[in-house]
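Before any comments, here is the structure.
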Amino acid sequence: KGGILGKKIELVSLDNKSDKTEALNVATKLATREKVLAILGPATSGATKSASQAATQNKVPIISPSATDDTVTIDERTGKVKEYVFRTCFNDSFQGKVMANFSLKTLKLKNAALIIDSSSDYSKGLAKNFKETFEKGGGKILAEEAFAKGEQDFNGILTKLKAKKPEVIFAPVYYDEAGLIIKQARTLGMNIPILGADGFDDPKVAEKAGANNANNVFFSAHYSSQDTDKKVKDFIENYKKMYNKEEPNAFAALGYDLMYFVADAIKRANSTTDREKLKKALASTKNFVGVTGIINVDSKHNAEKSAVIIELKNGVQTFKQKLNP
């Protein structure tokens, strides 16, 4: 569209290698050497928490499209909101609650087992919030099993869980592990529902699991490509033209919304150079209409927005229901 407030947008792109130390280094470079107006990203919670230290120190707004851990925007030592840190996605306590209630109320299943990635803030945060809501709602957690990053063989964990006879498994992990867990559970004859969160939202889940195994799988997501909203349909059409007919996943939709969200705040701040004005404009965002829903920024710099539940049927994502905060 030719830029914002008469200025062209310059994108400075640096790779944090999905590493917390590198995320801090990259954010420091962006804030000091590159003198950016705002930092967009990182994608994950651990990297965002790390990068937010540099953003806070150098007083530059940092906005993640997909860091869902509750403590991303909160200083864990003081309990205060991090002044320069924002997100445009819902947080884990919301996702954890959504999936616990989905199990209890929609699936009517009250005996669950948890599989947790012990190296991931994302996984631990989601498991904690699922457990709290599930037990409060009358559910029982029969077993909890943890694994370390890079694990490929979940047979030992799943065999232990099978002996406890859960009705449902909640595995708040990313797509690589999700696909393997689903495949190995089905091979062991565990055909119970497997629940996840937005980390399941990628075609790799069905690829790794095998389409015939990817049934009775449900997860919370930021948007559904089956949404009939015109804004969503236009986004998908344009994305497919640009990326060889590839279907956009949630990370693509969230990234798209992020840039427009920041552009909207820059316009309201009426400055392309003032980080303080931009920070205030971001904090006061109300009714921003994106592909992933209408965003209102709350007092903790979280996005208040709805979530969708997606079901996998023979590996194909199907829209199940929409849940509001």
Side-chain angles (χ1 to χ4, degrees), residues 38 40-45 48 61-74 81-82 85-102 105-106 122 125-126 129-130 133 172 195-202 218-236 239 248-268 279 281-311 317 319-325:
L40 283 66
T44 61
S45 296
T48 304
I62 183 168
I63 314 99
S64 173
S66 49
T68 54
D69 184 286
D70 284 11
T71 58
V72 163
T73 62
I74 303 293
V81 179
K82 293 178 188 171
V85 187
F86 299 84
R87 66 174 124 216
T88 54
C89 54
F90 45 65
N91 56 344
D92 286 342
S93 50
F94 179 52
Q95 281 199 95
K97 282 174 195 163
V98 161
M99 293 318 292
N101 286 323
F102 177 74
K105 293 171 185 174
T106 303
Y122 166 83
L126 267 162
N129 287 298
F130 178 92
T133 305
L195 311 183
D198 58 338
F200 274 46
D201 192 4
D202 194 281
F218 305 89
F219 60 91
S220 51
H222 299 271
Y223 103 123
S224 166
S225 59
Q226 293 165 23
D227 197 321
T228 53
D229 185 291
K230 187 181 184 305
K231 203 172 179 73
V232 178
K233 284 166 93 170
D234 288 349
F235 163 69
I236 292 164
Y239 187 93
N249 66 11
F251 289 104
L254 287 163
Y256 180 84
D257 277 354
L258 173 60
M259 186 60 235
Y260 276 99
F261 175 84
V262 174
D264 170 71
I266 293 169
K267 277 178 205 157
R268 286 185 288 109
K279 176 196 76 178
L282 288 165
S284 64
T285 302
K286 291 280 173 275
N287 299 317
F288 169 81
V289 182
V291 169
T292 60
I294 296 168
I295 297 172
N296 289 297
V297 174
D298 70 11
S299 61
K300 291 180 178 172
H301 293 182
N302 297 321
E304 288 182 338
K305 64 201 286 198
S306 53
V308 296
I309 303 286
I310 304 284
E311 178 179 3
Q317 288 196 11
F319 178 77
K320 178 82 177 165
Q321 66 187 100
K322 202 165 199 169
L323 295 159
N324 292 316

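Legend: residues meeting salt bridge (charged side-chain N to carboxylate O under 4.0 Å, His left out) with Asp198, ordered by chain and number and at least two apart, are absent. For the side-chain hydrogen bond (donor to acceptor under 3.5 Å, both in side chains) test, residues two or more places apart in sequence or in another chain that qualify with Gln321 are Thr106. Under the rule for a side-chain contact (heavy atoms from CB on, under 4.5 Å), the partners of Asp257 that lie at least two apart in sequence or sit in another chain are Val291, Thr292.
Separating the NE2 atom in His222 from the OG atom in Ser66 is a distance of 7.0 Å, to the nearest 0.5 Å. The distance from the NE2 atom of His301 to the CG atom of Leu282 is 8.5 Å, given to the nearest 0.5 Å. Taking CZ of Phe261 as the reference point, atom CG of Leu40 lies at 10.0 Å (rounded to 0.5 Å). In this structure, the separation between CG on Asn296 and OG1 on Thr285 is 9.0 Å, given to the nearest 0.5 Å. For the atom pair Met259 CE and Asp264 CG, the distance stands at 10.5 Å (nearest 0.5 Å). Distance check: Met99 CE to Ser220 OG gives 5.5 Å after rounding to the nearest 0.5 Å.
In this structure, Gln226 contributes its side chain and Gln317 its backbone to a donor-acceptor pair below 3.5 Å. A donor-acceptor contact shorter than 3.5 Å is absent between the side chain of Thr133 and the backbone of Phe130. The backbone N or O of Asp92 sits less than 3.5 Å from a side-chain atom of Asp70, completing a donor-acceptor pair.
A pairwise comparison of heavy atoms in Asp227 and Asp229 identifies OD1-N, 3.0 Å as the closest pair. Minimum interatomic distance between Ala38 and Val262 (heavy atoms only, all atoms of both residues): CB-CG1, 4.4 Å. The shortest heavy-atom contact between Ala43 and Ser64 is O-OG, 4.1 Å. Between Ala197 and Leu126, the shortest heavy-atom distance links the atoms CB-CD1, 3.6 Å. Heavy-atom minimum distance, Ile62 versus Gly41: CG1-O, 3.3 Å.
Using bins of under 30°, 30° to 60° and over 60° for the plane-to-plane angle, the ring pair Phe90/Phe94 lands in the perpendicular bin.
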Working for side chain to side chain contact (heavy atoms under 4.5 Å, CB included), residues Val81 and Ser299: CA-CA 8 Å; Val81 179; Ser299 61; 6.0 Å; no
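Between the side chains of Asn249 and Asp202, at least one donor-acceptor pair of N or O atoms lies under 3.5 Å.
If you run side chain to side chain donor-acceptor pair (under 3.5 Å) between Arg87 and each of Asn302, Asp69, Thr68, only Asn302 comes through.
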